[in-house]
Amino acid sequence: MTAISPDAAVGERLPAPAAPTRLRVEHLREAFGITTTRPRLSWTPPRGATGQVAYRITATNGWDTGRVDSAQHLLVPYSGPALEARSRFEWQVRTWTIDAGGSENVSSWSEPMPVELGLLDPTDWTAQWIGPSEPEVHAPGERPGYGFHKTFTLASVPEAARAYATAHGIYELFLNGERVGDQQLTPGSTSYNTTLQVQAYDVTSLLRPGINTVMAVLTDGWYRGTFGFTRDADMYGTQTALLAQLEIQSGNGRTVIGTDESWLVTGTEIVRADLMAGQYVDFRGGRSAAANVGAAPKASAAVVRHGSYDTLAGPVAPPTRVIEELAPVSIIRLANGHQVVDFGQNLHGWVRLNRLAPGHPVTLVYGEALDAGGDVTQDHLRPLDFRRPGQFLPAGQVDQVTASGAPAEVFEPRHTTHGFQYVSVQGLPGDLAGHDITACLVHTDLEPLGTFRCSDGRLNRLHEIVRWSFRDNACEVPTDCPQREKAGWTGDWQLFVPTAAYLYDVTGFSRKWLRDVRADQWDNGVIANISPSPGPGATSADFMAFVNGSAGWGDAIVMVPWEVYRASGDAEILAENWAAMNRWLGFVRNTAESRRHPARAAASPVPAAHEQYLWDTGFHWGEWMEPGGPEPDLFAARSADHGIVATAYYRNTTALMARIADVLGLPEESLALAALSENIRQAWETEYLDSSGQVTEPSQANCVRALAFDLVSPGRRPVVTAQLVSLVRAAGTHVGTGFLATPHLLPVLADNGQLDLAYELLMQDSEPSWLVMVDRGATTMWELWNGIDAAGAPHQSLNHYSKGAVASFLHRYTAGLRQAPGSAGYERIIIEPRPGAGLTSAATSHQGPRGLIQVEWKKDDGGLQLRAGVPAGTTAEVRLPVGPPAVVGPGTHHFTVPAWDGTRPQPVRSMQ
C-alpha cells in the first residue's frame, strides 16, 4: 500500500535556544516618542523552541518581573515603574522553553530594546504655534516654503538633547546645518482635526559649545496643499504653522528652546511646493535650507498662531523614509533636447539630481508611460475637472530647479512626491550620466514578512508586481494610487489588507489609519470613502458627499480590524473599533429597515416580510470597473438598485461582527448579530435566487459573493457554482469581476471543486487577465485590466494594488499556507498545497507573530515532496493530496507522497 512518509514527522531537533528576537513595543520596532504609558511588549521565542513556559523581563528603570510562568509572549503589558513624559528605559527578555525532545531550556538574554516617551500633556509644552506673515497668499499649488530659525548659545556639549516637532503642513528640521533624522513628509498624514503626530528626535550629537542654530522649513503638505482627484486645497486650514521644542539637558538642569515670536522667518530656496503639483526650487534666491541662515536677509518675526495641543500624539505606526534608491536603466536624449530617464520600475517618491545648470531652470516631468515620440506622457493621469464639465485638471508631478553654481549643489524635492517610472529632464544642456540622477523610493518603513516563489517565472513576476504596487501605495496611509489621487480609499484597503498583512507588518500602519477612519465617521454612522478626510464641507465636488456610505467601502470599518486581528492576534484593535462598527451597522440597519428602493415599492406597495433585511437604497459604487459592465456613472448610481451587492455586504458585516463579539467576550451581542446575519442571508436568498437556485442578476461578481459570503444554503451551492463556471466560460475563460469580487474569485472556484478553472483564469494571458500585465511589461498592478492596451497606450493609473489581491491565492492555495478558521496570530495553521497549471514547485514563508513559517513543495514523476517549518507555539494541520491530515507541532517536517493514481485505495501514513 502506498504510504505518506513524514521523514521527520515529529520534527528535527534544532540547536538549543539562543535568545528571543524581534522585540516590539505596541507593534513598533522603534518606540521613540510614544505617548502610551502602559505599552505592550512582544517578542518571538528563540529558534528551536517548541513552546515557551516562562519569561523574565528586566529593564534599566528597575523593572524586573522575575520568572513569570506563562506562555504569553505577545502584547505583555508593561508593569514597571509609572511612566511619565520623557521616561526612558531599555528592556530585554529571556525565556524558558521546551525543545523538541521535551527538555526545558533557559535562553540567553535578548538584545535590549530602548523605549522613550514623548511629551504627554499640553502642560509639557512651553513652545507656541508660530507661522509666517503672509500679506499675500499664493494660489494653491504655488505657495513657497518658509524658513524658521533661532540662534542660541551653549556653554558646553550637552549630556542629552531632544527635539519635539510637528506642523500644520510638512516640516523639516535642521540643527547647525544638519538635517535632523531620516523621517520624511513629517508630521505625516492624519485627520488633522483630531490627531496630529509629533516626532521626537535625539539631537545630542548635533549640538556644540558656542553658537547653535535651529531651523525648520515649512510647506503646505496635506494640511493646506492640493489633494486628491478634485485637487481641493486648504482642507484643514488656510495658514501653515510650526510647533517645535528643543530640550537640552546638562549638569545645571534643562534648557528649553521653543518656537515663539522671537524666531525669525525667511524665505527659502523653495519657490513653491505641493504634494500633487510638485516642487520648484531656485538656489539663487537665498541660503540653502540646510545652511546656517542666521544672517539670512529679509528676516521677519514669527507670528504666533492658534493651534491645539490636545490633538498631539506620538507614533503608532512606523515612520516614512527613503527605503530604497534606484539607478537608471537607460537615459535617452530626444531630438527636442529632453532626456528621458527610465528607472525600470514604477515607484513612489522623487529623484535626486546632482547635475544642474547654473542660472538655467531644469524641469523634471514625472510619469508612468511614454508617448509615441518616446517622451513622458501624463495624459492618462489627468483627473476630470468637476468644476468645468468636460475639462481636465493638470496631472501635476512636475519639479523644477535653478542652480546657483555653488559647489556640491543637489536637488532633492522632499516636500512633494510622485508616482513614476520615467522622468523627462528638460533644459539641461549636458548629457546625464547614470550617477547624476537617482530615484528615491519613499514609503512607510514596514517590516517585510512574506515571500513566494514557484516554478513559473511569470507568476513570480506577478507576485513581485503586486509587492511593488503595495510598497508604492503604503505612504503614511494605504493610498489608491501614488500619482493621480494619493487618497486613502476605504474600499481599496478592505479588499487588499489580507494580502498586505501576509507580505508586510501592517498592524501599526492599519491601526493609525483606522484611528482616522473613526475620526472621519459621520454622526449618522456613515464611514467616509476616504480617510484621512476633513469631511464633505471641505471639498468642492458634490459627489464627494453623496457617494459616502457605500457597501464594500464603509464595511472597511469591520473588515479591516478583523483581518488585522487575525494577522496579529491583537484583540485590542477590535475593541478600539467596536463602537464605530456598531455605528456603521446602525446606519445600514436603519436604512434597510426604513427605506425601499422605488422600483421595488412600485412593483409591490406592501413590502414582503424579508424586505426589512434588504439594503437596496442609497448610493453604492457596486462592482466598480466590471469588465463589460456599464460605464461608471456616479449620478445614475445614486438611484440605481444595488441591493444584490449591498445586502451581501450587510450579511458579511453582521457575520464578522458576531465573531468579533465572541472575541471581545460579548456573548449576547454575538448571538443577536448571528441571528440578524442569518435573517439577512435568507432575505438575500429569497430575493436574488430563482426557483432553480440560480442568481437572478447573473454576473461573475454576484455569484462569487453568493459563495464567498455564504449567502446561499449548502444545497444550492453547486447550482451557483455551476452558474459561475458557465459565466466564466461564456467570457472566454476570462476574469469578469470588477473591484470588489476579484479577490474572492479564484478562492471561491478552488473551494467549490473548480481548482483547475481557477488556474486557467490565473494563467490566462489575453484581456482581461493578470498575465496581460506581466506580458506587457507592467512593474506594478494597473487600475484597469487594459492599463496598457494592445497598441501600447496607457489608460488611467498604472499603480493600483487592488487587483493584486490575487497574490493571496498564490500564498494560500499554490504554496498552500493559510491560517486555520478561528485562529489569530497564526496560532493554528493549515498547510495544504494545491498544485495546478503544470507547476512543479512552490514555496512561501511568513514571519508570523510566533515565528517564521515556511512551506516548500516540489513535484515530479516520483510524487510530491513537502518541507514545512512550524514555529514555537504553533500547530499545523498538513493536508496532502492523498491520505488523512497530519497534525504536527513546532519543528521542521518532511513529507513524501509517492506517485499515485485516483483508483488506488486511501494510503496510510507512517510516522517516525
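The analysis underlying the following values was restricted to heavy atoms, covering all of them including side chains, and did not include hydrogens, waters or symmetry mates. Residue numbers start at 1 and run along the sequence shown.
Scanning for salt bridge (Lys or Arg N to Asp or Glu O under 4.0 Å) contacts around E827 gives an empty result, with sequence neighbours left out. W562 pairs by the ring-ring contact (aromatic ring centres under 6.0 Å, His included) definition with Y565, not counting sequence neighbours. Listed by chain and residue number, nothing satisfies the ring-ring contact (aromatic ring centres under 6.0 Å, His included) test with H27 (two or more places apart in sequence, or in another chain). Scored by the salt bridge (Lys or Arg N to Asp or Glu O under 4.0 Å) test, E576 finds R511 as partners (sequence neighbours excluded). Considering only residues two or more places apart in sequence or on other chains, Q197 meets the side chain to side chain donor-acceptor pair (under 3.5 Å) condition with none of them. Looking at residues two or more places apart in sequence or on another chain, you find a side chain to side chain contact (heavy atoms under 4.5 Å, CB included) between P561 and L514, I573, L574, N577, M581. Every residue was checked against the ring-ring contact (aromatic ring centres under 6.0 Å, His included) condition with F227, not counting sequence neighbours, and none meets it. The side chain to side chain contact (heavy atoms under 4.5 Å, CB included) test applied to T65 returns Y55, R56, I57, W63, V68, not counting sequence neighbours. Partners of H168 by ring-ring contact (aromatic ring centres under 6.0 Å, His included), not counting sequence neighbours, listed by chain and number: W129, Y223. Applying the side chain to side chain donor-acceptor pair (under 3.5 Å) rule to D555 yields the partners W584, T653; only residues at least two apart in sequence or on another chain are considered. With sequence neighbours left out, the salt bridge (Lys or Arg N to Asp or Glu O under 4.0 Å) criterion links E324 to R471.
Proximity of a side-chain donor or acceptor of R850 to a complementary backbone N or O of G825 within less than 3.5 Å is detected.
In summary, the side chains of H415 and E172 do present a donor paired with an acceptor at a separation below 3.5 Å, with no hydrogens or angles considered. For the 3.5 Å distance criterion, the side chains of D516 and T190 fail to qualify, holding no donor opposite an acceptor. S191 and N193 are not linked by any side-chain donor-acceptor pair at a separation below 3.5 angstrom, with hydrogens and angles left out of the test. For the residue pair S670 / D662, a side-chain donor-acceptor distance below 3.5 Å is found, with atom types taken as modelled. T21 and T44 are not linked by any side-chain donor-acceptor pair at a separation below 3.5 angstrom, with hydrogens and angles left out of the test. For the residue pair T186 / Q199, no side-chain donor-acceptor distance below 3.5 Å is found, with atom types taken as modelled.
When each of H73, Q92, Q52 is paired with W43, the side-chain hydrogen bond (donor to acceptor under 3.5 Å, both in side chains) condition holds for Q52 and for no other.
Between D523 and R583, none of the side-chain N atoms (NZ, or NE/NH1/NH2) sits under 4.0 Å from a carboxylate O, so this pair counts as no salt bridge.
Residues in residues 499-508 take part in these side-chain hydrogen bond (donor to acceptor under 3.5 Å, both in side chains) pairs, two or more places apart or across chains: R467-Y504, T499-S808, Y502-T844, D505-T507.
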